[in-house]
2 protein chains.
Amino acid sequence: MPTRSRARETVQITADLAVLTIRQGELRVLVVNRGKEPFKGMYALPGGFMRPGETLDDTALRELQEETAIEGGTLGLEQVHVYSTPERDPRGRIVTCSYLAIAPNLPEPTADSDAAAASYVNVAGLLDGSVPLAFDHREILERAVELARAKLQYTTIATSFCAPEFTISELREVYETVWGVELDRANFHRKVRESPGFVEPTGNKRFTSGRPAALYRQGRSRSLDRPLLIPSHDEMEI
Amino acid sequence: MPTRSRARETVQITADLAVLTIRQGELRVLVVNRGKEPFKGMYALPGGFMRPGETLDDTALRELQEETAIEGGTLGLEQVHVYSTPERDPRGRIVTCSYLAIAPNLPEPTADSDAAAASYVNVAGLLDGSVPLAFDHREILERAVELARAKLQYTTIATSFCAPEFTISELREVYETVWGVELDRANFHRKVRESPGFVEPTGNKRFTSGRPAALYRQGRSRSLDRPLLIPSHDEMEI
DNA sequence: GCAAAAGTGTTAGGGGTACACCCATGC
DNA sequence: GCATGGGTGTACCCCTAACACTTTTGC
């Protein structure tokens with residue numbers, strides 16, 4: 001075996017964030033408008049370089065707090081995947097680790113960081129390519145959304161999309177929006193209420209144009225004993 | 001906000017492998033005996049530094065082929081997690097990405113690489129600390145095994161533990177070994193046979209001290225439509 | 001009262017679990 | 001025949017899906 005090219009590559013590492021939320025019935029993701037080259041003026045996922053003394057998780061949490069007003073500890077910030085293609089960043093050898101975060105419906109993004117402007121934009125348009133993203137961020141977003149869809153099945157993170165107090169219907173709309181399907185109101189209601197630790201009643205009610213809805217907050221449980229599976233379109237392949 | 005410590009950390013990256021297999025009814029993992037400091041003489045997971053021009057996946061695949069005779073493309077080599085604690089490697093700032101690989105029962109590990117000696121050792125002893133591992137490799141192994149356990153539920157990777165031709169009973173033993181539970185022979189048999197693309201019959205039979213068992217090979221499907229869930233010990237908490 | 005949205009009841013069917021039973025081979 | 005492990009049948013139960021029905025509010 002030849003001994004050439006045994007050099008160790010030295011790299012810089014970034015954490016890129018896919019901060020998902022739901023606005024106006026759409027699944028959206030936090031993006032920044034790039035203020036400088038490369039990809040100047042384009043949308044990009046927020047992110048930044050790891051600094052001395054930090055872990056990557058530290059980096060991701062710091063960037064999240066710089067971009068949003070959210071205290072990141074509450075919403076499960078979680079590694080998704082590492083992207084290390086040599087040409088993925090024209091500035092040099094930069095490896096990135098993507099993170100998934102879920103933002104509740106309330107707070108608007110703050111643009112007071114060095115990122116020019118931060119906003120939540122529709123995920124669908126980014127994934128189908130009609131709205132371009134810088135670097136390989138479309139691919140990164142795609143994988144993060146896939147993970148979010150899968151996690152809705154086995155965990156209680158759907159409650160992280162909601163305000164501190166929410167109705168069962170609002171929780172159902174989270175599932176319907178992220179999965180892109182319609183769910184049976186009645187069965188969903190029962191399933192959620194019967195899953196121990198998923199939600200707990202606050203005793204308050206929300207008054208709308210119908211019967212008032214009971215309000216709930218996040219329960220203690222992080223995982224679902226019995227998963228809420230994505231309805232399988234009953235593919236009839238012979 | 002102070003502008004100190006905005007420096008970008010520069011690091012080296014490694015890929016560390018958790019190559020799982022089953023030997024003599026035990027779940028085992030490929031380890032090497034470290035030939036030099038730090039942790040000289042200790043067990044460690046195989047791995048190595050990313051080289052110029054490589055992606056991390058390239059690195060992992062190259063290391064796998066150096067350590068085993070297995071063609072890595074066939075068994076799903078997959079990222080697990082990134083470890084970036086500053087003090088995790090006494091040689092300097094080294095970030096590692098762990099990979100999970102599944103090795104079939106047949107080939108013995110080859111020790112012809114620079115790693116002193118490679119061998120498959122019992123996972124249980126490494127996880128409970130009775131057999132120490134270098135660096136943070138115990139933690140890395142723990143997470144990789146967790147992922148493997150979870151993936152058995154939703155994917156067909158269990159067949160990667162088996163030889164090219166295997167019986168349903170052998171496949172069941174994979175589940176029982178990795179999960180550490182006993183499964184019902186009859187129900188497992190049906191479930192596997194009725195899962196489209198999980199296994200396909202070769203027409204051959206294996207003759208033992210009873211009725212001959214039909215032999216199967218891996219099917220086309222990578223994921224299971226209906227998962228094989230780990231039996232929940234029916235926790236009777238009040 | 002009527003519309004609207006929340007929440008409950010009910011029934012049919014599918015899949016999992018447990019376990020009894022039959023099958024094919026070696027000895 | 002008998003032991004041994006492979007494979008099938010079956011009854012029960014729980015979960016799910018589908019949908020009818022009741023409840024509570026605003027107007």
Side-chain angles (χ1 to χ4, degrees), chain A residues 25 152-154 162-163 165-177 179 181-196 198-217 223-236, chain B residues 25 152-154 162-163 165-177 179 181-196 198-217 223-236:
Chain A
L152 284 195
Q153 300 184 116
Y154 306 106
C162 300
E165 283 199 329
F166 55 87
T167 67
I168 302 278
S169 282
E170 287 169 346
L171 184 62
R172 178 170 47 81
E173 282 161 14
V174 168
Y175 277 89
E176 292 181 334
T177 303
W179 284 352
V181 298
E182 284 208 347
L183 301 175
D184 185 274
R185 269 192 320 113
N187 296 329
F188 183 86
H189 192 280
R190 251 189 306 268
K191 183 97 182 227
V192 168
R193 297 264 359 221
E194 288 169 3
S195 292
F198 197 171
V199 298
E200 50 186 38
T202 66
N204 300 328
K205 288 190 184 303
R206 171 166 304 160
F207 294 84
T208 64
S209 64
R211 173 173 171 175
L215 288 170
Y216 299 85
R217 57 173 156 262
S223 67
L224 291 175
D225 48 353
R226 253 183 286 280
L228 258 162
L229 296 175
I230 300 178
S232 58
H233 298 20
D234 256 297
E235 48 231 291
M236 295 208 179
Chain B
L152 284 195
Q153 299 184 115
Y154 305 107
C162 299
E165 282 198 328
F166 54 88
T167 67
I168 302 277
S169 284
E170 287 168 345
L171 184 61
R172 178 170 48 80
E173 283 161 14
V174 168
Y175 277 90
E176 292 179 334
T177 303
W179 285 351
V181 298
E182 284 209 346
L183 301 175
D184 184 275
R185 264 193 322 114
N187 296 328
F188 183 86
H189 191 279
R190 250 190 306 267
K191 184 95 182 229
V192 169
R193 297 272 348 231
E194 289 169 3
S195 293
F198 198 171
V199 297
E200 49 187 38
T202 66
N204 300 329
K205 288 191 183 302
R206 172 165 303 160
F207 294 83
T208 64
S209 64
R211 173 175 171 172
L215 287 170
Y216 299 85
R217 57 174 156 261
S223 66
L224 292 175
D225 48 351
R226 253 185 285 283
L228 259 162
L229 296 175
I230 301 178
S232 57
H233 297 21
D234 256 298
E235 46 229 293
M236 296 208 178

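A, B, ... follow the sequence lines: proteins, then strands. Residue 1 opens every chain.
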Value in whole Å for how far the [atom2] atom of [N] lies from [atom1] of [X]:
| X | N | atom1 | atom2 | value |
| --- | --- | --- | --- | --- |
| B:Leu171 | D:dG7 | CG | C1' | 15 Å |
| B:Arg206 | D:dG6 | CZ | P | 10 Å |
| B:Asp225 | C:dG14 | CG | C1' | 13 Å |
| B:Asp184 | D:dT8 | CG | C1' | 12 Å |
| A:Arg193 | D:dT16 | CZ | P | 17 Å |
| B:Leu215 | D:dG6 | CG | P | 11 Å |
| A:Phe188 | D:dA18 | CZ | P | 16 Å |
| B:Asn187 | D:dT8 | CG | C1' | 11 Å |

Can you tell if the side chain of A:Leu171 reaches within under 4.5 Å of the side chain of A:Phe198, non-hydrogen atoms only?
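Counting from C-beta outward, A:Leu171 and A:Phe198 do come under 4.5 Å.
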
Could you check whether [X] gets within reach of a base, just the sugar-phosphate, or nothing at all, counting any heavy atom under 4.0 Å?
| X | value |
| --- | --- |
| A:Ala214 | sugar-phosphate |
| B:Arg190 | base |
| B:Ser169 | sugar-phosphate |
| B:Arg185 | base |

Check this one for me: any side-chain N or O of A:Lys191 less than 4.0 Å away from OP1 or OP2 of D:dC15?
no

Does C:dT8 have OP1 or OP2 sitting under 4.0 Å from an N or O in the side chain of A:His189?
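Answer is yes, contact under 4.0 Å.
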
How close do A:Lys191 and A:Arg226 get, counting heavy atoms only, and between which atoms?
CE-O, 3.9 Å

Grab the two heavy atoms, one from B:Leu229 and one from B:Gln153, that are nearest each other, plus how far apart they are.
CA-OE1, 3.5 Å

Nearest-nucleotide 5' precedence on DNA chain D, A:Arg211 against B:Ala186:
B:Ala186

Report the relative orientation of the aromatic rings in B:Phe166 and B:Tyr216; use parallel for angles under 30°, tilted for 30 to 60°, perpendicular for over 60°.
tilted

Measuring from atom CD1 of A:Ile230 to atom CG of A:Leu183, what distance do you get when rounded to the nearest 0.5 angstrom?
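These two atoms lie 10.0 Å from each other.
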
